[in-house]
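Take a look at the structure set out below.
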Amino acid sequence: MRRGVTTTVRVKLHSLTERKARLVEREYSAFQDAVHGDDDANLYSATKQQAGKVQSNKNPRVDTEQPVVLRNDCITIEHDKDTVLSSWWFKLPVYNPEKERGDSIWVPVRVPEKDTHLLTDECIRDSELVHRDGEWYVHLVCKRSVAVADEYDDVLAVDMGAKWIAVSTFLSDRDTVFHGAQVRRVREHYKQLRKSIGKAKVRSGAQVIERLGDKESRTIEHELHHVANELVVRARERNAVIVFGDMTGLRFDNDKGRYVNDKTHKMPYAKMANILTYKSHLDGRECIPVKEYDTSMTCWRCGSQNTSREMQGRVECHDCGLDDNGDKNGATNIGKRAVGKNIQSPLSTVGAVVAQPETQVVLEGTNGEMEPANSPDDVGITLREGSPRR
């Protein structure tokens, strides 16, 4: 089974001649004019089409700058080890005012050594020219196909939330780890910092904002990558498929008051899901979203929804007497839903090839008996021989 993986490679333009520097800067400025509504801006024709798409899709504010979108059929990157100035060269499409038409220039670039194997023309998609801190960069988007495994020995279920960005539980024995408390702390820190800025004098507040820049988003993204790496390592240790709760649409028609809305709207679950999926596929492992509805309010042990959560971190079942961590309960239900245990969406229906574990997954039933969490009748497969993991 194969999956598409997209990687962004940041290459830096360097040693530009005065003429090339002027053409790059002119193209960038003209693109800003075009995305803000100037139909007469002179741009390379394909780039002007992309500017129109950015304007209609994003409707960017006048005080913002947008990266120049470069169509993949207009760009090329080549390696030439015999040139002294640079071993990598990038063909950049620009409008040449002297010729009054579109043109292209070859500019020297620096490519991270670890990413050189990605830079083939058949892998490169639409990319972006970015200006940051006085330097020019091209963010090359490379898409390639990778093989992912068809068979797994366990299921690692991931429940995303506000307090913990991810809670991961193995379905076989409910071994659970809580990930990403730092994400919430960073969010709260910058929230309080923004409040203090609002109470400060205008000049002082502006100085703090300029000093902070995008530090919050960069810190959060670093933490998300760290959490995703932890999850992939956990899954690799047991050859587990990763499933996570799909929270798409959570923010819509879900008004629960200012305090809860603030927590919910700041949950970076979409970015976390993208990073986790990308890293899992790179590891040769399937990663699948599973509908999350009712997983928090359903008892994982007996399936009853006669539950209560007097404390946010605990769930109690009034039918079977379960007293469990709420996030752990939700993650277990996500895993059970994935393998089709009393729930509607087994992995075989959500885009994965399910090969059942070498070690059969079992869970403790309501009366203490051990029962398979993944019956062959549920997912249409044959279990291989193996002793239950308890």
Quick one: CG on Asn42 to CZ on Arg26, what's the gap to the nearest 0.5 Å? 6.0 Å
For Ser168 and His179, work out which heavy atoms get closest and say how close. OG-NE2, 2.8 Å
Listed partners of His225 passing ring-ring contact (aromatic ring centres under 6.0 Å, His included), at least two apart: none
Same cluster or not: are Val111 and Leu70 linked, directly or through other Ile, Leu, Val, Met, Phe, Trp or Tyr residues, by side-chain heavy atoms under 4.5 angstrom apart? yes
Spacing of Arg236 atom CZ and Asp283 atom CG [to the nearest 0.5 Å]: 4.0 Å
Would you name the heavy atoms of Val35 and Pro60 that are closest together and state the gap between them? O-CG, 3.8 Å
Pairing of Lys53 and Asp126 as salt bridge, 4.0 angstrom limit: no
Same apolar cluster: Leu16 and Leu140, side chain cutoff 4.5 Å: yes
Just by distance, with hydrogens left out, do Thr277 and Arg3 show a side-chain donor and acceptor under 3.5 Å apart? no
Please indicate whether His139 has more than 12 foreign heavy atoms, meaning atoms of other residues, nucleotides or ligands, lying under 6.0 Å from its NE2. yes
Donor-acceptor pair, distance only, cut-off 3.5 Å: does the side chain of Asp319 make one with the backbone of Cys302? no
Which atoms form the tightest heavy-atom contact between Gln50 and Arg71, and what is the distance? NE2-CD, 3.5 Å
Indicate if Val232 and Val227 have the same hydrophobic cluster label, given that clusters are the connected sets of ILVMFWY residues with side-chain heavy-atom separations under 4.5 angstrom. yes
Go through it in stages, so that I can follow the logic: the residues are Leu119 and Cys142, the test is side chain to side chain contact (heavy atoms under 4.5 Å, CB included), and I'd like the CA-CA distance, side-chain angles, deciding distance and then a yes or no. CA-CA 7 Å; Leu119 302 184; Cys142 306; 3.9 Å; yes
Ignoring hydrogens and angles, tell me if any N or O in the side chain of Arg301 forms a donor-acceptor pair with the backbone of Cys320 under 3.5 Å. yes
For Glu18, I'd like to know if atom CD has over 12 heavy atoms of other residues, nucleotides or ligands within 6.0 Å. no
For the residue pair Tyr28 and Trp136, does the interplanar ring angle fall in the parallel (under 30°), tilted (30 to 60°) or perpendicular (over 60°) class? perpendicular
Test side chain to side chain contact (heavy atoms under 4.5 Å, CB included) on Thr6 and Tyr278 and set out the steps. CA-CA 7 Å; Thr6 301; Tyr278 158 75; 6.0 Å; no
Starting from the C-alpha separation in whole Å, work towards a yes-or-no answer on side chain to side chain contact (heavy atoms under 4.5 Å, CB included) for Val138 and Val109. CA-CA 9 Å; Val138 174; Val109 293; 5.7 Å; no
Kindly compute the distance separating OH (Tyr269) from CG (Asp246), expressed to the nearest 0.5 Å. 9.0 Å
For the student: nearest non-hydrogen atoms of Thr64 and Arg61, plus distance: OG1-O, 2.7 Å
Give the cluster check for Leu231 versus Ile165: same hydrophobic cluster or not, with ILVMFWY residues linked at side-chain heavy-atom distances below 4.5 Å. yes
Using a 6.0 Å distance limit plus a 45 degree cone around the ring axis, check whether Arg285 lies over the aromatic ring of Tyr152. no
Just wondering, more than 12 heavy atoms not from Asp323 lying within 6.0 Å of its CG? yes
Separation between CD (Glu221) and OG1 (Thr219), nearest 0.5 Å, reads 10.5 Å
State whether Arg238 and Asp175 are salt-bridged, where the test is any N-O pair (Lys NZ or Arg NE/NH1/NH2 against Asp/Glu carboxylate O) under 4.0 Å. yes
Between the main-chain N or O of Phe178 and the side-chain N or O of Lys328, is there a donor-acceptor pair closer than 3.5 Å? no
Ignoring hydrogens, what is the shortest heavy-atom contact between Gly102 and Tyr44? Give both atom names and the distance. CA-CD1, 3.8 Å
Could you tell me which non-hydrogen atom of Ser15 sits nearest to which non-hydrogen atom of Pro108, and how far apart they are? O-CG, 4.0 Å
Test Cys317 against every option in Thr307, Asn306, Asn329 by the side-chain contact (heavy atoms from CB on, under 4.5 Å) rule and name the one that passes. Thr307
Might you work through the side-chain hydrogen bond (donor to acceptor under 3.5 Å, both in side chains) test for Arg144 and Thr120, ending with a clear yes or no? CA-CA 10 Å; Arg144 63 197 189 280; Thr120 60; over 6 Å; no
More than 12 heavy atoms from other groups under 6.0 Å of NZ on Lys143: no
Result block: side-chain N/O donor-acceptor pairs under 3.5 angstrom for residues 127-135, not counting sequence neighbours:
residue: Ser127; atom: OG; partner: Arg125; partner atom: O; Å: 2.9
residue: Ser127; atom: OG; partner: Val141; partner atom: N; Å: 3.2

According to a hydrophobic-cluster definition based on side-chain heavy atoms being under 4.5 Å apart (Ile, Leu, Val, Met, Phe, Trp, Tyr only), do Leu13 and Trp88 belong together? yes
For the atom pair CG (Asp38) and CD (Gln32), what is the distance rounded to the nearest 0.5 Å? 12.0 Å
Nearest-0.5 Å distance that lies between atom CG in Asn325 and atom CZ in Arg174: 9.0 Å
